[in-house]
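This chain uses plain numbering: 1 for the first residue, then up along the sequence.
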Amino acid sequence: MKLKTYVLTVSRYFPSTHPRKGEDTGFIDKILPAIMGAPDLRKIHTIRSNYDLWEKRIKEVQNGKAKIVFRCWTGRPYHSKQISFGSLGFSSGIGIQKLVFLDENFEMPFIFENGYASLNSIFTLATNDGLSFEDFKAWFKGYDLSKPMAIIHFTSFRY
């Protein structure tokens, strides 16, 4: 059986809407150890919109029916070629948790696991996503915080 492949594109540089636009995010260097089985604790997950889509995909990976391939842009996003730099399959510990911001308040993140919600530190969430709090907040400025987001874990760590 051929595995499905889902692409997780990672930003190599801060986007043009970010105060640090054009600077290296360091994400690739932070993700590569997790792919190789020795996680760098500076980035153990990524956060994406469209929780329902990612939940379906991650469950397929966990069931051995798909894999996640990491890619980054070689230059300007959407205007340059993408290159792959690794993948994660079912044995990696990959997982997903639902992230909801109470009353759309950025500093009130609730993370769901097995039907239970817990209030978590936005500072811890930012650090584990590989960013400072200031960079994290600027990164997600403009996101619709009324919709659940997906925390895609690269390891077996969960909140």
Set of residues satisfying side-chain contact (heavy atoms from CB on, under 4.5 Å) with respect to [X], sequence neighbours excluded:
{"X": "Thr127", "value": "none"}
{"X": "Lys147", "value": "Asp144"}
{"X": "Asp129", "value": "Lys43, His45, Thr46, Ile47, Leu131, Phe136, Phe140"}
{"X": "Ser49", "value": "Tyr143"}

[Y] and [X], any side-chain heavy atoms less than 4.5 Å apart:
{"X": "Leu119", "Y": "Leu102", "result": "no"}
{"X": "Val61", "Y": "Arg57", "result": "no"}
{"X": "Ile35", "Y": "Phe154", "result": "no"}
{"X": "Arg48", "Y": "Ile152", "result": "yes"}

Report task. Report the hydrophobic cluster partners of Tyr78, with the cluster defined as I, L, V, M, F, W, Y residues connected by side-chain heavy atoms closer than 4.5 angstrom, directly or transitively. Result -> Trp73
**Report entry** Residues in side-chain hydrogen bond (donor to acceptor under 3.5 Å, both in side chains) contact with Asp135, at least two apart in sequence or another chain
**Finding:**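 In terms of side-chain hydrogen bond (donor to acceptor under 3.5 Å, both in side chains), with neighbours along the sequence ignored, Asp135 is linked to Arg20, Ser132.
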**Report entry** Sequence neighbours excluded, every pair satisfying salt bridge (Lys or Arg N to Asp or Glu O under 4.0 Å) that has a member inside residues 112-126
**Finding:**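 Residue pairs with at least one partner in residues 112-126: there are none.
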**Report entry** Residue pairs passing the salt bridge (Lys or Arg N to Asp or Glu O under 4.0 Å) test where at least one lies in residues 92-108, sequence neighbours excluded
**Finding:**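 Sorted pair list: Glu107-Lys137.
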Side-chain donor/acceptor pairs under 3.5 Å, residues 5-15, sequence neighbours excluded:
residue, atom, partner, partner atom, Å
Tyr6, OH, Glu60, OE1, 3.1
Tyr6, OH, Glu60, OE2, 3.0

Report task. Could you pull out all residues at least two apart from Phe157 that satisfy ring-ring contact (aromatic ring centres under 6.0 Å, His included)? Result -> His153, Tyr159
Query - ring-ring contact (aromatic ring centres under 6.0 Å, His included) partners for Phe27, two or more places apart - result: Trp139
Table please: side-chain donor-acceptor pairs of residues 83-92 below 3.5 Å, with sequence neighbours left out.
residue, atom, partner, partner atom, Å
Ser84, OG, Arg71, NE, 3.4
Ser92, OG, Gly89, O, 2.6
Ser92, OG, Ile94, N, 3.2

